[in-house]
**Student:** 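Could you have a look at this structure, given as structure tokens, before my questions?
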Amino acid sequence: MEDLHPEVVLGMAAQAPDGIVIIDGDGLIRYWNQGAERIFGFSAADVDGRSLDVIIPEKHRKRHWDGFQEAMDRGTSKYGEADLLNVPALAADGRRISIEFSVVMLPAADGDMYCGAVIRDVTARRERERELMRRRAEATV
């Protein structure tokens with residue numbers, strides 16, 4: 001795999017259907033692929049250099065930033081490679097969506113730390129699950 005040119009990997013990341021987002025140590029968006037554009041409705045140009053708050057519902061921001069700061073201070077996330085986080089998020093049109101994501105810490109050669117996430121929109125699946133639970137609850141009454 002060492003023969004694989006980095007441009008091929010970057011091209012895959014850019015075109016992946018899942019969102020790939022990278023933020024810097026200040027929580028500013030530094031990478032936003034086509035999948036993130038599709039999921040959230042913001043273009044990469046719309047969010048470049050902006051706070052990740054554009055997609056975090058206000059009531060979840062403090063918890064998010066507290067955890068983010070701890071991870072940046074440690075240089076590691078408390079979430080392992082097999083952990084998949086499920087949280088609400090905001091789309092550009094104001095809708096609340098459900099996302100699942102994995103997170104990785106990305107140390108740079110210059111000593112800076114970045115945080116990357118691979119994100120999937122699971123809104124439709126979560127709605128189907130809620131509907132199924134509602135139907136089961138009605139059937140037991």
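The shown structure was predicted, so the numbers you read here are calculated from the model rather than taken from an experiment. In this chain, numbering begins with 1 at the start of the sequence shown.
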**Student:** If the plane angle is over 60° it's perpendicular, under 30° parallel, otherwise tilted; pick one for F40 and W32.
**Tutor:** tilted
**Student:** Find out whether D121 and S98 are in side-chain contact, i.e. whether some heavy atom of one side chain is under 4.5 Å from a heavy atom of the other.
**Tutor:**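 No; the side chains remain at least 4.5 Å from each other.
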**Student:** Going hydrophobic residue to hydrophobic residue with side-chain gaps under 4.5 angstrom, can you get from V118 over to I23?
**Tutor:** no
**Student:** When rounded to the nearest 0.5 angstrom, what is the spacing between CG in L85 and OH in Y79?
**Tutor:** 5.5 Å
**Student:** For R135, is there an ion pair with E138 - N to carboxylate O distance below 4.0 angstrom?
**Tutor:**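 Result for this pair is no, no salt bridge flagged.
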**Student:** Once you round to the nearest 0.5 Å, how far does OG1 of T123 lie from CZ of R95?
**Tutor:**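 Here the rounded value is 7.0 Å.
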**Student:** Side-chain donor-acceptor pair under 3.5 Å between D73 and Q69, yes or no?
**Tutor:** yes
**Student:** Distance-only, no hydrogens or angles: does the R38 side chain make a donor-acceptor pair with backbone N or O of P17 under 3.5 Å?
**Tutor:**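 Yes; judged by distance alone, with no hydrogens or angles, the pair exists.
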**Student:** Testing the basics here: between H60 and P88, what is the closest heavy-atom pair and its distance to 0.1 Å?
**Tutor:** NE2-CG, 3.4 Å
**Student:** Any heavy-atom pair between the side chains of D53 and R61 that's under 4.5 Å?
**Tutor:** yes
**Student:** Kindly state each residue pair satisfying side chain to side chain donor-acceptor pair (under 3.5 Å) with at least one member in residues 10-24, sequence neighbours excluded.
**Tutor:** D18-R120, D24-R30
**Student:** I'd like to check I29 versus V54 (side-chain heavy atoms, cut-off strictly below 4.5 Å). Are they in contact?
**Tutor:** yes
**Student:** Counting C-beta onward and ignoring hydrogens, is there a side-chain heavy-atom pair between R125 and E100 closer than 4.5 Å?
**Tutor:** yes
**Student:** If you link ILVMFWY side chains whenever their heavy atoms are less than 4.5 Å apart, which other residues fall into the same cluster as M133? By chain and number, please.
**Tutor:**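 The other cluster members (ILVMFWY side chains, heavy atoms under 4.5 Å, direct or chained): none.
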**Student:** Check A89 against I99 and note the closest heavy-atom contact, atom names and distance.
**Tutor:**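 Shortest heavy-atom contact: CB-CD1, 3.9 Å.
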**Student:** Using side-chain heavy atoms (C-beta onward) and a distance below 4.5 Å, is V9 in contact with L4?
**Tutor:**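 Yes, at least one pair of side-chain atoms sits under 4.5 Å.
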**Student:** In terms of hydrophobic clusters joined by side-chain contacts under 4.5 Å, are I119 and V87 together?
**Tutor:**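 Both belong to a single hydrophobic cluster.
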**Student:** Mark yes when over 12 heavy atoms from residues, nucleotides or ligands other than R63 sit less than 6.0 Å from its CZ; otherwise mark no.
**Tutor:**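 No, because the 6.0 Å sphere around CZ of R63 holds 12 heavy atoms or fewer from other groups.
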**Student:** For C115 and I22, what are the C-alpha separation, side-chain angles and deciding distance, and is it a side chain to side chain contact (heavy atoms under 4.5 Å, CB included)?
**Tutor:** CA-CA 6 Å; C115 182; I22 299 173; over 6 Å; no
**Student:** Can you tell me how far apart CG (L90) and CD1 (I56) are? Round to the nearest 0.5 Å.
**Tutor:**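 Going from CG on L90 over to CD1 on I56, the span is 9.0 Å.
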**Student:** Do Y114 and I55 land in one hydrophobic cluster if side-chain heavy atoms of ILVMFWY residues count as linked below 4.5 Å?
**Tutor:**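 Y114 and I55: separate clusters.
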**Student:** For side chain to side chain contact (heavy atoms under 4.5 Å, CB included), just list the numbers for Y31 and I20, CA-CA rounded to whole Å, side-chain angles, deciding distance to a tenth of an Å, and then say yes or no.
**Tutor:** CA-CA 7 Å; Y31 183 82; I20 299 176; 4.0 Å; yes
**Student:** Carefully, step by step, assess E70 and K78 under the rule side chain to side chain contact (heavy atoms under 4.5 Å, CB included).
**Tutor:** CA-CA 9 Å; E70 286 176 24; K78 67 181 179 180; 5.5 Å; no
**Student:** Let's go through N86 and F101 carefully: what are the C-alpha distance in whole Å and the side-chain angles of both, what is the deciding distance for side chain to side chain contact (heavy atoms under 4.5 Å, CB included) to 0.1 Å, and is it a yes or a no?
**Tutor:** CA-CA 7 Å; N86 195 316; F101 68 99; over 6 Å; no
**Student:** Would one find more than 12 heavy atoms of other residues, nucleotides or ligands at under 6.0 Å from atom CD of E131?
**Tutor:** yes
**Student:** Is a side-chain donor or acceptor of D26 paired with a backbone partner of L28 at a separation under 3.5 angstrom?
**Tutor:** no
**Student:** Heavy atoms only: give me the nearest A36-V21 pair and the separation to one decimal.
**Tutor:**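 Taking A36 first and V21 second, the nearest heavy atoms are CB-CG2, 3.9 Å.
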**Student:** Fit a plane to each ring of F68 and W65, take the angle between them on a 0 to 90° scale, and name the class: parallel (under 30°), tilted (30 to 60°) or perpendicular (over 60°).
**Tutor:** perpendicular
**Student:** From S77 OG over to M72 CE, what is the distance, rounded to the nearest 0.5 angstrom?
**Tutor:**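 Reported value, rounded in 0.5 Å steps: 10.5 Å.
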**Student:** At their closest point, which heavy atom of R96 faces which heavy atom of P57, and how far apart are they?
**Tutor:**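 Closest approach of R96 to P57: NH1-CB, 3.5 Å.
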